[in-house]
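Reviewing the structure listed below.
Letters go in sequence order (proteins before strands), and every chain restarts at 1.
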Protein chains: 2
Amino acid sequence: MTEPALSSVWTRPRPEPRRRAPGVDQYVAAALAIADAEGLAAVSMRRVAGDLGSGTATLYRYITNRDELVDLMVDAAQGEDPIPEPTQDWRADLAAVAHALRATLLRHPWLAGELAGRPSLGPNSLRRSESALRAAVALTPDITLASQALGAVHAYVLGSVATQQAARRAERRSGLTEEQWQRSVGPYISEVIAAGKHPMLARRVLEAEEPDPNAEFAFGLDCMLDGLAARLGR
Amino acid sequence: MTEPALSSVWTRPRPEPRRRAPGVDQYVAAALAIADAEGLAAVSMRRVAGDLGSGTATLYRYITNRDELVDLMVDAAQGEDPIPEPTQDWRADLAAVAHALRATLLRHPWLAGELAGRPSLGPNSLRRSESALRAAVALTPDITLASQALGAVHAYVLGSVATQQAARRAERRSGLTEEQWQRSVGPYISEVIAAGKHPMLARRVLEAEEPDPNAEFAFGLDCMLDGLAARLGR
DNA sequence: TAACTTCTGGATACGTTGTAGCCATGACAG
DNA sequence: CTGTCATGGCTACAACGTATCCAGAAGTTA
């Protein structure tokens, strides 16, 4: 006796509004705008509905809960850019996949954590995955290895963008200006360095050049792609 | 006229309790236990205080806010393991750093997202960073490049562990059992595959071997280290 | 020992959030 | 025109972060 299938946001029919209520796409767009401007925590059901002149109860008629709204947001963000055309060069294609993902993440600073933290099964996400897998299969026809290769690139991109955005996020959370944040942290760092227990960190703070985020990202990606080429390339 | 320095959790004096209240370390340990068992969202100030038989107001006397509590938790988690001894082999050392970080993240499933999302400045974190930088400097004496190399490894580890844990996290959030979660998702995946628009995804689902998380992680790490060796090694 | 000070848990309060349910009104269909 | 239903608005509840207050207990001082 099999139990009934359970529904998910991607399987449930998406009812269209009959009267003046906004459609799901409008709710999602409003939520995206709030998240981009103020962070994901600012996306509350009341806020989203209110910004659209809709009732919260109405929003709940279309979107089951907040978690589902975030799923929809994550997928919508991934549908903003066209899928890049494949070339004959797996490496260029994987790099394009990585850069496209990074561009999306930079546009939506809340997204990296969410993408890293939840399976992504919406239509846009699947479309992107398909394109990315196609590039990886050009590297190696073994689907298992291709998936692993893609996973490694994906992991690097997510981790890299998220950590690059961490300082900005902490500032925001503190409610301080960037200058105030530096002033809350700077003396501590100076103290740590003066204590002499962390000579490598001292060198990094005192000698290392200010990283250009784009170049830093590209460096790590190139290393990863180099490694993939060495291990799987032909 | 310079403005006064602003304090942070790491610069503020840490008062010891005078009577029967728990110390900061006990609050943090209780919060860690809750987060490990139930996820970070279950860590509320009331909950932490209550679990220790303390008043919430008392907790606030020692820890300024919830955000600070999370900072303390993140650092405490990083202090659980001893720092590995350096060898003469930069690659082995960087791999050890990566594996140690992964082990910590696996023990605390909430940690990857937090580490990726916030600067980590506590004493344990700095200690780990120092050790990791020492390994990276053995790869290249250029402190800027060493930092970049370490950043790339770090990004990969965080992203990899977080995405490996994503499915588990989604199950938990749904409130479904693992089997129920599969049943909510399985038919959708079958449908997507049957539609024929995602041939690469279909191959992955139908043909790819179930990944061993440890091997998958090691593969990506090896690729990254290969790439670093090729670009910076001597 | 008594008086004073301070630490603590408990309680209350407020604004906010997710979610649930109800109701009157207006829009639409038959 | 009547009936149905979609909708915004409202109320409610539990929970949360944070702030404040208070009585009692614990410690210190004279």
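- Counting to the nearest Å, the P atom of dT12(C) and the CZ atom of R46(B) are 12 Å from each other.
- Across residues 33-45 of chain A, V43(A), S44(A), M45(A) each have a non-hydrogen atom less than 4.0 Å from an atom of DNA chain C (numbered order).
- At dG21(C), none of the side-chain N or O atoms of Y60(A) fall inside 4.0 Å of OP1 or OP2 (strictly under the cut-off).
- Read 5' to 3', the first and last nucleotides of DNA chain D with an atom closer than 4.0 Å to a heavy atom of chain B are dC16(D) to dA26(D).
- Legend: salt bridge (charged side-chain N to carboxylate O under 4.0 Å, His left out) pairs involving residues 121-131 of chain A, not counting sequence neighbours, sorted by first then second residue: D81(A)-R128(A).
- Identified under the salt bridge (charged side-chain N to carboxylate O under 4.0 Å, His left out) test for residues 148-162 of chain A, with sequence neighbours left out: none.
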Could you list all N or O pairs between the protein and nucleotides 22-28 of chain C that sit under 3.5 Å apart?
from    : atom 1 : to     : atom 2 : distance (Å)
dG26(C) : N2     : R19(A) : NH1    : 2.3
dA27(C) : N3     : R19(A) : NH2    : 3.3

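- In terms of the ring pair (Phe, Tyr, Trp, His ring centres under 6.0 Å) criterion, residue partners of Y156(A) (sequence neighbours excluded) are, by chain and number, F217(A).
- Between the CG atom of L59(A) and the P atom of dG18(C) there is a distance of 10 Å, given to the nearest Å.
- L106(A) is listed as a side-chain neighbour of V161(A), based on a closest heavy-atom distance under 4.5 Å.
- Atom OG of residue S147(A) and atom CD of residue E216(B) lie 8.5 Å apart, to the nearest 0.5 angstrom.
- The CG atom of L111(A) lies 5.0 Å from the CG atom of L105(A); values are rounded to the nearest 0.5 Å.
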Cut-off 3.5 Å, no hydrogens considered: what does the side-chain donor-acceptor table look like for residues 54-63 of chain B, sequence neighbours left out?
from   : atom 1 : to     : atom 2 : distance (Å)
S54(B) : OG     : Y27(B) : OH     : 2.7
T58(B) : OG1    : R61(B) : NH1    : 3.4

Listing, residues 191-205 of chain B side-chain donor-acceptor contacts under 3.5 Å, not counting sequence neighbours, or none:
from    : atom 1 : to      : atom 2 : distance (Å)
R203(B) : NE     : E207(B) : OE1    : 3.3
R203(B) : NH2    : P141(A) : O      : 3.0

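- Contacts with DNA chain D (heavy atom under 4.0 Å) in residues 63-72 of chain B: N65(B), R66(B), listed by number.
- Of the possible polar contacts, none joining the S160(A) side chain to the V157(A) backbone as a donor-acceptor pair under 3.5 Å is found.
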Distance-only check: which donor-acceptor pairs under 3.5 Å involve side-chain atoms of residues 38-51 of chain A, not counting sequence neighbours?
from   : atom 1 : to     : atom 2 : distance (Å)
E38(A) : OE1    : R47(A) : NH1    : 3.2
E38(A) : OE2    : R47(A) : NH1    : 3.4
E38(A) : OE2    : R47(A) : NH2    : 2.9
S44(A) : OG     : R47(A) : N      : 3.0
R47(A) : NE     : D51(A) : OD1    : 3.2
R47(A) : NE     : D51(A) : OD2    : 3.2

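- Counting heavy-atom neighbours within 6.0 Å of R18(A) CZ, excluding the residue itself, gives a total of 12 or less.
- Residue S54(B) is in sugar-phosphate contact alone, with no base atom involved, counting any heavy-atom pair closer than 4.0 Å across all strands shown.
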Atom pairs and distances, donor-acceptor, side-chain atoms in residues 112-120 of chain B, under 3.5 Å, two or more places apart:
from    : atom 1 : to      : atom 2 : distance (Å)
E114(B) : OE1    : R118(B) : NE     : 3.1
E114(B) : OE1    : R118(B) : NH2    : 3.0
R118(B) : NH1    : D71(B)  : OD1    : 2.6
R118(B) : NH2    : D67(B)  : OD1    : 3.4
S120(B) : OG     : Q78(B)  : NE2    : 3.2
S120(B) : OG     : S125(B) : OG     : 3.0

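- Residues meeting the salt bridge (charged side-chain N to carboxylate O under 4.0 Å, His left out) test with R20(A), sequence neighbours left out: none.
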